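Here the structure is laid out as structure tokens; the discussion comes afterwards.
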Amino acid sequence: MTTNSDILIIGAGPVGSYTARRLARQGYKVTLLEKRPDLGGPVCCAGIISPDCVKLLEGEDLPVLNAFSGARVYSPNGQVLELKRNSVQAVALDRGLMDLKLAERAGAAGAACVFGIKATHIKADDTSVTVYTNDNRSNVYRGRLALITAGFNPALTSSLGMGIPADFAVGVQARVEMKAPLPLCIFTSKLFAPGFFSWLEPLEDGTALAGLLCRKNAAAAFLKFIKYLKEEGFIISAGKPQYRGVSLKPIPKTYSDRLLVIGDAAGQVKPITGGGIFYGLKAAECAISQIEQAFEHGDFTSANLAGYHIKWKQSLGRDIKLSRLARHAYEKLSQRQIDKAFATIVRTRLVEKLTGDDNLKFDEHG
Ligand SMILES: Cc1cc2nc3c(=O)[nH]c(=O)nc-3n(C[C@H](O)[C@H](O)[C@H](O)COP(=O)(O)OP(=O)(O)OC[C@H]3O[C@@H](n4cnc5c(N)ncnc54)[C@H](O)[C@@H]3O)c2cc1C
């Protein structure tokens, strides 16, 4: 059987469902394909987004587990920096429920949501794009345009000739039981997350998410981190960890004939923090404006869809580049250098200056 649509969207993460809803609302016939049979279960993501990002998602009803007006940052030798502002800077969402809610909204807006279907092969020709799935060889999905919003997925993007992220990390996270209430804690020790950071993110019910980013040996690094959290009296116990790839550099090409790649699949992620929800939504907006133009002119060629690549680069390219430079500099620091930097920050009261500067924003500066 062939299902025909205007637009096929592959992957019902935040970016896919957000885009599906926006396009369905505009009257396009949208089919959203998702490989997970059920949404709502745990996702390897801290779910921290800014109030601006919540607004962009029209997310008043999203499942908020906590709200943060600051964070406590630990240096490798245990110095503490308290970052604090007077208003909420970020909220922690239940990422599993968020995915479910956003997909339900896409459905309510008119998108056909098909769960438990994995896109295995995509083929574009002069008249349409066809998505083959693991469902059944004779069950295919055909559209005028397909959007790849399938998350960190080098296999899929490279099979489409769009390359892979040239730089990436591994994220690992587990639900833990806290010993006592704490603010959002960030740990900079290279013992657990060399070149990156680890976190303890309190949720509403005495539990927290403990996680870290690193380049290799994620399981061993995470065990060390959990051991430290237990020994230092932060947590009592930890659940089973989940793992996921995180792009640190966008793929070289995010468009092709009848295809656009958006979100983590495109590597539209903050290289400093690995946060990708806000950037993915911003890129989705760029894609939507290019899609409107493509349908208006009936032009789904690579040459025309390149406009999307230009738009998101204009919107996010500079920040991603600067953030990558900062990441490289940070990765080179030794434990002692990080400790020294902390001491300098405390001595010069830099934190007060930075947190007092309204130009510094969670979304733009991580
Ligand atoms: C440990 C960790 C913590 C993080 N914390 C934060 C944070 O606090 N804030 C933040 O902004 N970002 C965070 N991120 C990054 C964030 O999770 C991603 O940027 C975000 O999920 C990207 O959304 P997406 O929709 O592009 O992709 P995803 O959320 O990965 O969604 C992709 C969807 O596509 C589906 N899919 C994949 N392949 C196929 C296929 N072949 N066919 C059909 N469906 C498919 C997947 O099942 C999934 O549902 C974190 C990442 C990690 C690893």
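Just so you know, ligand 1 is whichever comes first in the structure, and atom 1 is the first atom listed for that ligand. Here the structure is a predicted model, which means the values were calculated and not measured. Numbering starts at 1 and runs along the sequence shown.
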Which pair of non-hydrogen atoms, one from Gly195 and one from Arg327, has the smallest distance, and what is that distance?
O-NH1, 2.9 Å

Starting from atom 23 (O) of ligand 1, locate the nearest protein heavy atom and write down its residue, its atom name and how far away it is, to 0.1 Å.
Pro14 CD, 3.7 Å

Give the atoms of ligand 1, by number and element, whose distance to some non-hydrogen atom of Gly274 is under 4.0 Å.
14 (N), 15 (C)

Taking everything shown except Lys224 itself, do over 12 heavy atoms lie less than 6.0 Å from its NZ?
no

Residue Asp61 excluded, over 12 heavy atoms near CG under 6.0 Å
yes

Return the CD to CZ distance between Glu331 and Arg215, rounded to the nearest 0.5 Å.
4.0 Å

Please test Tyr228 against Tyr74 for ring-ring contact (aromatic ring centres under 6.0 Å, His included), starting from the C-alpha separation and ending with a verdict.
CA-CA 13 Å; Tyr228 164 84; Tyr74 290 84; 7.9 Å; no

Are there over 12 heavy-atom neighbours, none belonging to Lys253, within less than 6.0 Å of that residue's NZ?
yes

Indicate, as side chain, backbone, both or neither, the part of Ile48 found under 4.0 angstrom from ligand 1 when only non-hydrogen atoms are considered.
both

Does Trp199 reach ligand 1, in the sense of a heavy atom lying below 4.0 Å from it?
yes

Are any side-chain N or O atoms of Glu34 and backbone N or O atoms of Ala12, one a donor and one an acceptor, separated by less than 3.5 Å?
yes

In the protein, what heavy atom is nearest to atom 11 (O) of ligand 1, and what distance, to one decimal place, separates them?
Ile277 N, 3.1 Å

of all protein heavy atoms, closest to atom 26 (O) of ligand 1 is Asp264 N, 3.0 Å

Which ligand 1 atoms are under 4.0 Å away from a heavy-atom of Leu33?
43 (C), 44 (N)

Counting each atom of ligand 1 from 1 as listed, which ones have a heavy atom of Ala46 under 4.0 Å away?
3 (C), 4 (C), 5 (N), 6 (C), 8 (O)

Under a 4.0 angstrom heavy-atom cut-off, which atoms of ligand 1 come close to Gly263?
26 (O)

Atom indices of ligand 1 within 4.0 angstrom of Val246 heavy atoms, with elements:
53 (C)

Within less than 4.0 angstrom of ligand 1, does Lys270 place any heavy atom?
no

How far is atom 20 (C) of ligand 1 from its nearest protein heavy atom, and which residue and atom is that?
Arg95 NH1, 3.7 Å

Hey, could you give me the SG/CZ distance between Cys214 and Phe192, rounded to the nearest 0.5 Å?
12.5 Å

Does ligand 1 come near enough to Glu34 that some N or O of the ligand is less than 3.5 Å from an N or O of the residue?
yes

Gly276 N/O under 3.5 Å from ligand 1 N/O
yes

For ligand 1, which is the ligand I care about here, please tell me if Val15 has any N or O atom under 3.5 Å from one of the ligand's N or O atoms.
yes

Report the nearest protein non-hydrogen atom to atom 27 (O) of ligand 1: residue, atom name, distance rounded to 0.1 Å.
Gly151 CA, 3.4 Å

Measuring from the heavy atoms of Thr149, does anything fall under 4.0 Å of ligand 1?
yes

Looking at ligand 1, does any of its N/O atoms fall within less than 3.5 Å of an N/O of Ala265?
no

For residues Phe187 and Phe225, establish whether the separation of their ring centroids is below 6.0 Å.
yes

Taking Asn77's backbone N and O only, do any of them form a donor-acceptor pair with Asp339's side chain (distance below 3.5 Å, no angle check)?
yes

Between OH of Tyr141 and OG1 of Thr3, what distance do you get to the nearest 0.5 Å?
5.0 Å

Touching ligand 1 at all, Ile117? Heavy atoms, strictly under 4.0 Å?
yes

So is Gly280 in contact with ligand 1, going by heavy-atom distances below 4.0 Å?
no

In ligand 1, which numbered atoms sit nearer than 4.0 Å to a non-hydrogen atom of Gly13?
25 (O), 29 (O), 31 (O), 33 (C), 49 (O)

Gly211 heavy atom under 4.0 Å from ligand 1:
no

Is the distance from the ring center of Phe300 to that of Phe295 below 6.0 Å?
yes

Full working for side-chain hydrogen bond (donor to acceptor under 3.5 Å, both in side chains) between Thr120 and Asn134:
CA-CA 6 Å; Thr120 52; Asn134 63 345; over 6 Å; no

Check step by step if side-chain hydrogen bond (donor to acceptor under 3.5 Å, both in side chains) holds for Glu285 and Tyr18.
CA-CA 10 Å; Glu285 285 299 329; Tyr18 172 82; 2.3 Å; yes

Before signing off on this row, confirm whether Asn153 and ligand 1 have an N or O atom pair separated by under 3.5 Å.
yes

Is Thr120 touching ligand 1 with its side chain, its backbone, both, or neither, if touching means heavy atoms under 4.0 Å apart?
neither

Considering Arg244, Arg36, Gln268 one by one, which has a heavy atom nearer to atom 28 (P) of ligand 1 than any of the others?
Arg244

For Asn86, look at atom CG and say whether over 12 heavy atoms of other residues, nucleotides or ligands are found less than 6.0 Å away.
no

Under a 3.5 Å distance rule, please check whether Ser247 uses its side chain to pair with a backbone N or O of Pro250 as donor and acceptor.
no

How far is atom 34 (O) of ligand 1 from the closest protein heavy atom, and which atom is that?
Gly11 CA, 3.1 Å

Closest to atom 50 (C) of ligand 1 among protein heavy atoms sits Cys45 SG, 3.9 Å

Rounded distance (nearest 0.5 Å) linking atom CG of Leu281 with atom OG1 of Thr19:
7.5 Å

N/O separation below 3.5 Å, Leu213 to ligand 1
no

Is there at least one pair of N or O atoms, one from Val269 and one from ligand 1, spaced under 3.5 Å apart?
no

Return a yes/no value for Ala119: is any of its N or O atoms, backbone included, closer than 3.5 angstrom to an N or O of ligand 1?
yes

Can a salt bridge be assigned to the pair Arg175 and Asp205 using a cut-off of 4.0 Å between side-chain N and carboxylate O?
yes

Between Lys35 and ligand 1, does any nitrogen or oxygen pair lie at a separation below 3.5 Å?
yes

Just to confirm my output: which protein heavy-atom neighbour is closest to atom 52 (C) of ligand 1, and how far is it?
Cys44 O, 3.4 Å

